[in-house]
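What follows is a single structure, written as structure tokens, with notes after it.
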2 protein chains.
Amino acid sequence: MRGLMQDWPLLCSKVIDHAANEHPLREVVSRSVEGPMHRTNYREVRDRALRIAQRLESEGYGLGDRIATMAWNTWRHLECWYGIMGVGAIYHTLNPRLFPEQLAWIMNDAEDKLIFVDITFVPLVEALAPSVPSLKKVVVLTDAAHMPETKLKNAVAYEEWLKEADGDFAWRSFDENTAAGMCYTSGTTGNPKGVVYSHRSNVLHSMIAQAPDAMNLSSASRMLPIVPFFHANGWGIALTSPMTGASLVMPGPKMDGASVYEILTEERVTCTAAVPTVWLMLLQHLEAHGGDLPDLERVIIGGSACPRRVTEAFQNRYGAQVVHAWGMTEMSPLGTLCAIKPEYAGLEGDALLAVEEKQGFPPFGVEMKVTDDANRTQPRDGRTFGRLKVRGPSVAKAYYKNQGAELFDADGWFDTGDVAHIDQHGYMQITDRAKDVIKSGGEWISSIEIENIAVGHPDVAEAAVIGLAHPKWDERPLLVCVRKQGREPSKADLLAFLEGKIAKWWMPDDVVFVEEIPHTAAGKIRKTALREEFRDYVLPTR
Amino acid sequence: MRGLMQDWPLLCSKVIDHAANEHPLREVVSRSVEGPMHRTNYREVRDRALRIAQRLESEGYGLGDRIATMAWNTWRHLECWYGIMGVGAIYHTLNPRLFPEQLAWIMNDAEDKLIFVDITFVPLVEALAPSVPSLKKVVVLTDAAHMPETKLKNAVAYEEWLKEADGDFAWRSFDENTAAGMCYTSGTTGNPKGVVYSHRSNVLHSMIAQAPDAMNLSSASRMLPIVPFFHANGWGIALTSPMTGASLVMPGPKMDGASVYEILTEERVTCTAAVPTVWLMLLQHLEAHGGDLPDLERVIIGGSACPRRVTEAFQNRYGAQVVHAWGMTEMSPLGTLCAIKPEYAGLEGDALLAVEEKQGFPPFGVEMKVTDDANRTQPRDGRTFGRLKVRGPSVAKAYYKNQGAELFDADGWFDTGDVAHIDQHGYMQITDRAKDVIKSGGEWISSIEIENIAVGHPDVAEAAVIGLAHPKWDERPLLVCVRKQGREPSKADLLAFLEGKIAKWWMPDDVVFVEEIPHTAAGKIRKTALREEFRDYVLPTR
Ligand SMILES: Nc1ncnc2c1ncn2[C@@H]1O[C@H](COP(=O)(O)O)[C@@H](O)[C@H]1O
């Protein structure tokens with residue numbers, strides 16, 4: 001027997017319609033790529049998205065077409081997503097920080113037909129276009145007055161292009177499992193792999209993300225997503241904000257400390273989301289220039305492990321609650337968030353910070369477990385680590401064109417490639433990437449745990465731990481540090497600092513100081529490069 | 001092209017599994033029907049629900065079978081829901097306050113095969129059973145020690161019955177549109193009509209309900225659903241609490257003022273939900289005996305219009321936020337909630353209370369519009385009222401056995417039978433039931449609006465307004481009041497009190513005082529009975 005409830009497919013157009021109907025005048029504020037601040041609202045965003053959809057369809061784009069965007073977070077980028085999804089086409093966000101060859105490879109793999117691009121990236125698209133034969137059209141996200149000179153054929157200014165549509169259009173309807181978006185993961189080995197979101201997964205992800213123990217967004221929130229839309233589905237915020245009626249404040253191209261401080265305070269942002277590096281820049285700016293954050297209530301930090309001193313500064317100095325979060329492109333992307341359960345209520349100081357260093361627990365809609373290599377579920381004891389596996393309606397079941405099929409279990413669990421433990425209250429903590437874990441004498445050493453502690457040293461700007469081959473122990477840890485400007489910590493200082501904070505056999509065999517640690521386009525430490533760099537390094541204990 | 005995200009059907013078993021896995025020790029507290037308080041947690045609830053499922057299946061119950069429950073809110077009732085749903089059977093909640101003939105009619109319509117029943121209602125089931133031939137078994141929700149004498153064949157004590165299952169069982173899997181639950185609406189005309197919830201609609205409803213602008217539940221909440229599970233799907237709380245990890249506190253059979261006060265304070269309840277009459281009883285108790293509500297943060301009030309003085313007392317005297325809500329059995333049941341949008345932020349005193357008298361706005365997942373009789377959408381001006389229509393994934397598309405088909409538009413909108421207006425910020429206010437609206441000289445008068453004001457009179461305990469036939473105007477309003485004990489308000493007092501608060505032509509043509517106003521089993525004013533009672537009453541203006 002079937003239920004007798006309405007067939008109401010979970011389509012992304014319903015999200016922007018909800019915002020336009022129930023929160024029509026709620027502000028959508030952006031720092032424009034051209035410079036000035038720009039203000040609009042959900043009703044206008046919906047109306048312009050309808051015109052994009054109409055215009056796309058009139059040019060023959062529709063169901064299943066991949067349409068690229070290479071753009072900062074602005075109202076125009078937001079409109080594009082909804083316009084594209086509204087005809088059943090697929091937004092494909094490109095990370096402009098990738099190498100041109102990688103971008104061309106990705107665009108060819110996806111067979112992008114049209115690209116929406118910020119003026120900033122027109123030269124990049126000029127360089128790419130000749131090697132992407134599927135690309136038929138370039139829409140530059142600006143108006144006629146700011147349209148740059150370009151040698152691109154078929155390039156048009158967005159506002160001019162949009163003028164030709166009157167908005168008399170209805171969203172197209174289709175099965176909720178239809179593809180809605182696409183984002184490639186920049187695997188450190190092999191080719192990038194495409195993740196394909198569906199309308200259903202996007203809508204469910206936002207319904208998951210809105211929960212109080214997750215992003216906790218409401219119509220009273222003013223949300224600043226600094227995480228770019230092209231990183232891991234932009235943490236889903238382009239959907240969750242309109243779903244909840246939260247005001248959207250968008251940083252455009254400016255994510256330096258001063259600009260972030262300015263937009264946080266002038267736009268009375270209550271909630272924001274970004275990777276730790278952004279927050280380190282903001283905190284440095286605040287230390288240097290003073291200032292406070294009176295409206296800011298919640299800072300969601302993810303993408304890589306959040307250093308304790310960042311959490312401490314926000315909570316103790318600026319009165320904003322930090323919510324540590326973990327996710328992946330393959331998870332739409334939220335996995336866990338570190339809200340405080342009653343079991344941990346009332347903690348203070350270091351005890352609280354120690355909990356907040358964990359990546360937290362999954363909201364309903366994400367299942368997780370930690371297994372050993374034989375796929376046996378590990379106890380939730382806060383110590384025993386293993387492979388972190390997840391399941392859920394907004395978790396990938398495959399990559400585009402069936403790449404990386406080995407990551408998907410027959411029983412439906414996705415192996416995240418992260419190594420983690422879970423404590424007795426269900427709080428997960430990432431201890432490593434599976435490929436970065438250090439195997440010493442048959443036991444695992446968590447590189448991230450050592451890094452987390454090392455960056456707490458007052459003279460250290462950044463730290464990375466890698467495993468180096470060792471004749472007796474298989475691998476032993478090397479600690480690589482970048483010193484803070486004007487500071488001169490020594491190897492002995494660092495080792496003394498670690499002493500007592502980690503197990504004896506976890507102590508790095510050596511400490512080296514470098515000018516710079518290599519990063520991926522998404523700002524994460526590129527450990528493969530680091531291992532390459534230190535391949536022939538000889539550890540003193542050898 | 002389809003998305004490549006996991007096929008993870010939205011089944012209710014996932015909700016209780018999530019609670020058991022991620023919030024295993026979170027408390028589930030009940031006042032037992034036998035008397036003492038009972039404490040358990042989500043892990044135990046899940047484990048016992050698995051045993052119920054196992055037991056049901058071993059006796060041949062499964063996919064599509066209707067299984068009745070006639071019970072107060074307790075941990076046992078909760079377990080039954082999940083056990084029943086976990087084998088693909090359908091929980092069918094029965095309202096014990098209905099007349100036995102109505103209950104028999106409903107049970108025969110549903111063809112219930114088994115019933116879980118509280119000891120309180122064993123005599124009722126004894127009376128019913130002979131006229132319900134489909135009923136094969138009666139499980140009495142108690143242990144052997146408390147098992148009442150009964151002449152019922154096939155009656156067994158729940159705890160004994162459960163002992164025969166070891167819990168080695170896996171939830172059954174099926175399409176998410178499979179029926180999960182059933183609840184009859186007590187239509188004032190015609191036979192009761194069955195609403196059939198699906199797993200999908202139940203899960204989506206809870207994902208909608210958890211949002212901060214809706215029920216705002218998290219792992220830190222301690223939720224007391226006073227609204228019985230047998231009223232309008234128990235407002236969905238049996239699902240939303242485990243989904244969010246909120247502690248559940250359940251009142252069992254005791255919903256009088258003293259008992260509610262006791263459980264609110266002793267169990268440190270932070271959030272609670274019930275109809276206005278429950279709150280009137282609590283407030284009367286507090287007025288008489290003193291006391292405060294230090295832990296209570298939020299009171300969700302719906303089912304009928306919440307009088308302003310209730311909101312005022314909670315907010316101004318006891319420091320708890322009132323969230324006025326509107327819904328229907330056909331909507332799983334949430335429709336709108338009155339959170340405060342930024343447009344109304346900062347209001348105080350009467351201005352705030354006036355907003356909170358509205359039923360609020362829909363969360364994502366509920367669409368609403370107000371139309372005139374020709375189905376034209378009315379302006380959102382806060383004045384123009386008409387038929388309230390809704391759409392969404394947890395709104396009914398039909399009744400069981402296709403009764404009442406005329407209420408479902410071809411375009412997918414469900415006509416709620418309520419009359420309402422919507423203001424410029426999207427706040428909906430119910431002005432009447434369509435069948436109760438008073439048609440005077442071609443214009444509509446809102447009976448609820450007059451009632452709301454009349455109960456604000458310090459000497460009035462309850463008020464109802466009905467339309468009486470009138471030779472010139474078609475219908476004219478009659479105000480029927482119950483006086484507070486020991487008070488003697490006159491017709492002139494009431495009319496003077498209304499003066500200036502409503503349009504002149506809305507003024508009741510007469511005021512009468514009665515001992516009692518008739519109510520439905522769900523505690524709502526039974527206007528049909530009242531109109532019947534006053535059918536021959538002659539209005540002075542006639
Ligand atoms: N907050 C409210 N204010 C006024 N009427 C309400 C409210 N909540 C529910 N109702 C009425 O109750 C009906 C649903 O009844 P039921 O399905 O029995 O819960 C709605 O159609 C409304 O007429």
Side-chain angles (χ1 to χ4, degrees), chain A residues 1-8 10 15 18 21-23 25-26 63-64 90 177-180 195-201 204 207-208 210-213 216-220 243-245 332 339-343 345 361-362 364-365 367 391-400 412 414 426, chain B residues 1-8 10 15 18 21-23 25-26 63-64 90 177-180 195-201 204 207-208 210-213 216-220 243-245 332 339-343 345 361-362 364-365 367 391-400 412 414 426:
Chain A
M1 187 166 145
R2 291 169 83 82
L4 293 172
M5 307 310 276
Q6 295 187 6
D7 306 309
W8 196 86
L10 304 174
V15 174
H18 175 76
N21 294 334
E22 303 304 335
H23 305 279
L25 305 181
R26 195 77 77 271
L63 212 59
I90 302 165
N177 289 302
T178 302
V195 176
V196 187
Y197 308 115
S198 66
H199 283 262
R200 173 178 165 109
S201 69
L204 289 178
M207 294 177 81
I208 292 167
Q210 69 181 343
D213 272 344
N216 193 17
L217 290 178
S218 75
S219 63
M243 176 179 282
T244 58
S332 301
I340 301 298
K341 294 183 186 179
E343 290 80 5
F361 60 93
F364 174 80
E367 294 179 79
R391 220 160 51 169
S394 42
V395 176
K397 70 175 170 196
Y399 292 110
Y400 191 49
F414 169 67
Chain B
M1 187 166 145
R2 289 168 85 84
L4 293 173
M5 308 310 276
Q6 294 187 5
D7 305 309
W8 196 87
L10 304 175
V15 174
H18 174 76
N21 294 332
E22 304 304 334
H23 305 278
L25 305 181
R26 194 79 75 266
L63 213 60
I90 302 166
N177 290 302
T178 302
V195 176
V196 187
Y197 308 115
S198 67
H199 283 263
R200 174 180 164 106
S201 70
L204 289 177
M207 296 178 81
I208 292 167
Q210 69 182 341
D213 272 344
N216 193 19
L217 290 179
S218 75
S219 62
M243 175 178 284
T244 59
S332 299
I340 301 298
K341 294 183 186 180
E343 291 79 3
F361 59 94
F364 174 79
E367 296 179 79
R391 219 159 53 172
S394 42
V395 176
K397 70 176 170 195
Y399 292 109
Y400 191 50
F414 169 67

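Order of the sequence lines sets the chain letters (A, B, ...), proteins ahead of strands, with each chain counted from 1.
At a 4.5 Å heavy-atom cutoff, the contact between B:A396 and chain A is made by backbone and side-chain atoms alike. For B:I90, the part lying near chain A is the side chain, with the backbone staying farther off; criterion is any non-hydrogen pair under 4.5 Å. Of the two parts of A:F414, the backbone and the side chain both hold a non-hydrogen atom closer than 4.5 Å to a non-hydrogen atom of chain B. Contacts between A:L204 and chain B at a heavy-atom distance below 4.5 Å involve backbone atoms as well as side-chain atoms. For B:T178, the parts lying under 4.5 angstrom from a heavy atom of chain A are both the backbone and the side chain. Proximity to chain A (any heavy atom under 4.5 Å) is shown, for B:Y197, by both the backbone and the side chain.
The distance from the CG atom of B:L4 to the OH atom of A:Y400 is 9.0 Å, given to the nearest 0.5 Å. Of the inter-residue distances, the one linking B:E343 atom CD with A:L25 atom CG reads 6.5 Å to the nearest 0.5 angstrom.
Across all their heavy atoms, B:M5 and A:S201 have their closest contact at CG-OG, 3.2 Å. Residues A:H18 and B:P362 approach most closely at CE1-O, 3.2 Å, considering heavy atoms. Of all heavy-atom pairs between A:P212 and B:N216, the closest is CG-OD1, 3.2 Å. Closest non-hydrogen pair, A:D213 versus B:S218, comes out as OD1-CB, 3.5 Å.
Contact check for B:K397 versus A:W8: no side-chain heavy atoms found under the 4.5 Å cut-off. B:F364 is listed as a side-chain neighbour of A:V15, based on a closest heavy-atom distance under 4.5 Å. For the pair A:R200 and B:L10, the minimum side-chain heavy-atom distance is below 4.5 Å.
In this structure, A:Q6 contributes its side chain and B:G412 its backbone to a donor-acceptor pair below 3.5 Å. Side chain of A:Q210 to main chain of B:Q210: no donor-acceptor pair is present (N/O by atom type, distance under 3.5 Å, no hydrogens or angles). Not one N or O on the side chain of B:K341 forms a donor-acceptor pair closer than 3.5 Å with the backbone of A:R26.
Of the listed residues (A:E22, A:H199, A:E367), the greatest number of heavy-atom pairs within a distance under 4.5 Å of chain B belongs to A:E22. Counting heavy-atom pairs under 4.5 Å between each of A:V196, A:L217, A:V195, A:N21 and chain B puts A:V196 at the top. With respect to chain A, the highest number of heavy-atom pairs below 4.5 Å among B:A398, B:G426, B:P393 belongs to B:P393. When the candidates A:S394, A:S198, A:G392, A:A211 are compared by the number of heavy-atom contacts under 4.5 Å with chain B, A:G392 comes out ahead.
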